[in-house]
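Naming convention: chains lettered A, B, ... in sequence-line order (proteins, then strands); numbering from 1 in each chain.
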Protein chains: 2
Amino acid sequence: MQEMCINTIFMQKELRQTTILKLITTKSVGRQDEIVEFLEKKGFSVTQSSVSRDLDELGVIKVNGLYSMPSKPKSAISFGLSGMQTAGDNLIVIKCEAGMASAVCVRIDNTPIKEIVGTIAGEDTIFIAINDKEAQQAVMQTIWEIFEK
Amino acid sequence: MQEMCINTIFMQKELRQTTILKLITTKSVGRQDEIVEFLEKKGFSVTQSSVSRDLDELGVIKVNGLYSMPSKPKSAISFGLSGMQTAGDNLIVIKCEAGMASAVCVRIDNTPIKEIVGTIAGEDTIFIAINDKEAQQAVMQTIWEIFEK
DNA sequence: ATAGTTTATGCAGGAAATGTGCATAAACAC
DNA sequence: GTGTTTATGCACATTTCCTGCATAAACTAT
């Protein structure tokens with residue numbers, strides 16, 4: 001039997017990963033142990049194993065001995081797409097350079113992405129409707145891939 | 001303790017639902033008991049409870065005492081509206097013929113539907129925001145009615 | 001190459017989500 | 001009303017997900 005979590009609250013994975021992301025983008029972190037230590041100070045109970053998996057899931061990479069998020073592909077930005085965020089579980093909001101939203105949206109619409117329920121483009125913003133969190137993740141991934149090449 | 005499934009293979013839900021769909025579109029079925037019976041002949045082990053839930057998940061409805069998949073009203077399609085879906089509990093996404101979204105949206109906006117929080121029309125897509133699942137159902141129903149007449 | 005450090009992973013156990021039948025409530029038909 | 005049909009609260013089983021432990025693998029510095 002294990003007693004790993006006897007005194008802790010569960011379903012903290014997502015919050016923990018967000019915290020890790022905030023940490024590595026804010027401070028210079030070079031070892032997973034530091035992350036563990038930081039998280040413990042924040043009240044999380046976690047081991048190096050989980051941090052390792054978290055970093056993997058987040059897509060964090062190590063450059064010059066420091067953890068960091070890979071930056072958005074330049075080609076996407078130069079095409080007109082400047083940022084992508086979620087809003088709840090059923091929306092993706094894409095920001096574009098002024099006037100470029102339609103063009104970006106056409107390119108998305110021309111790619112068959114089954115999870116997309118619908119898209120609407122304004123002047124510099126696109127809304128994409130999807131059914132759930134998993135679809136949201138998948139679609140965001142796919143969209144980056146469209147503009148990466 | 002239950003022994004419901006001791007001799008059966010699990011993870012048959014999806015296949016079972018596909019079978020149900022095939023059944024109700026092929027033959028005339030008016031009672032869930034008939035579906036249960038049919039499934040048992042096909043080798044599934046299932047009760048009326050599960051069939052009820054399956055029908056719900058599939059979106060099957062009963063018209064004239066027979067189960068069937070809801071189809072789009074012809075008049076709506078001819079007006080420019082070609083499909084309607086949900087995305088989560090707070091969005092309805094309407095697909096229209098190319099360029100028809102504004103026209104369809106105007107017609108919706110001109111109908112007072114109190115549950116609608118807001119609408120946006122693109123080229124061939126409309127987003128409608130609502131507050132909850134019940135409103136979602138009610139609004140979709142109302143919109144179909146607008147275009148049915 | 002070796003030793004020390006850091007990270008990844010197979011495994012097992014526990015938790016959460018999902019699927020199901022039973023019993024019965026609710027809805028419907030007459 | 002009665003009888004039939006459908007929906008649902010509950011309990012239990014299964015599956016999937018999450019986690020720590022132990023340790024293998026990878027890396028670093030000497």
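- Between C:dG19, C:dA8, D:dT5, one nucleotide has an atom nearer to the side chain of B:Arg31 than all others, and that is D:dT5.
- For A:Tyr67, a side-chain nitrogen or oxygen approaches OP1 or OP2 of C:dT7 to under 4.0 Å.
- Panel note: side chain A:Gln136, backbone A:Leu91; a donor-acceptor pair is recorded below 3.5 Å.
- Atom CZ of B:Phe44 is separated from atom C1' of C:dT20 by 15 Å (rounded to the nearest Å).
- Note: CD1 (A:Ile61) to P (D:dC27) measures 15 Å, nearest angstrom.
- Here C:dA29 presents its P atom at 16 Å from CG of B:Asp33, a figure rounded to the nearest Å.
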I'd like a table of atom pairs between the protein and nucleotides 8-10 of chain D - only N or O on both sides, under 3.5 Å - with the distance next to each one.
from: D:dT8; atom 1: O4; to: B:Ser49; atom 2: OG; distance (Å): 3.3
from: D:dG9; atom 1: O6; to: B:Arg53; atom 2: NH2; distance (Å): 2.8

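- One finds no side-chain N or O of B:Lys62 lying less than 4.0 angstrom from the OP1 or OP2 phosphate oxygen of D:dT5.
- Axis deviation across the helix from C:dA1-D:dT30 to C:dC30-D:dG1 amounts to 50°, comparing end segments of five pairs, rounded to 10 degrees.
- Panel note: side chain A:Ser50, backbone A:Val46; no donor-acceptor pair is recorded below 3.5 Å.
- In this structure, B:Asn90 contributes its side chain and B:Asn131 its backbone to a donor-acceptor pair below 3.5 Å.
- The closest donor-acceptor contact from the side chain of A:Lys62 to the backbone of A:Ser68 lies at 3.5 Å or more, if one exists at all.
- Counting to the nearest Å, the C1' atom of C:dG21 and the CD atom of B:Gln32 are 14 Å from each other.
- Judged purely by distance below 3.5 Å, without hydrogens or angles, the side chains of B:Lys95 and B:Thr125 pair a donor atom with an acceptor atom.
- When heavy atoms are screened at a 4.0 angstrom cut-off, A:Val51 is found touching no nucleic acid atom at all.
- Taking atom CD of residue B:Glu34 and atom P of nucleotide D:dT4, one finds them 15 Å apart after rounding to whole Å.
- Side-chain atoms of A:Glu145 and A:Gln141 form a donor-acceptor pair, as typed in the model, at a separation below 3.5 Å.
- For the side chain to side chain contact (heavy atoms under 4.5 Å, CB included) test with A:Phe38, the passing option among A:Val29, A:Asp33, A:Ile24, A:Leu23 is A:Leu23; the others fail.
- A:Gly65 comes within 4.0 angstrom of no nucleic acid atom, judged by non-hydrogen atoms across all strands.
- Nearest heavy atoms, B:Ala87 versus B:Val93: CB-CG2, 4.5 Å.
- Residue A:Glu14 contributes atom CD, which lies 15 Å from atom P of D:dC17 at whole-angstrom precision.
- Nucleotide C:dT20 holds its C1' atom 13 Å from the CD atom of B:Gln17, rounded to whole Å.
- A straight line from CG of A:Leu15 to P of D:dT19 spans 12 Å, rounded to a whole angstrom.
- Between the side chain of B:Glu34 and the backbone N or O of B:Arg31, at least one donor-acceptor pair lies under 3.5 Å.
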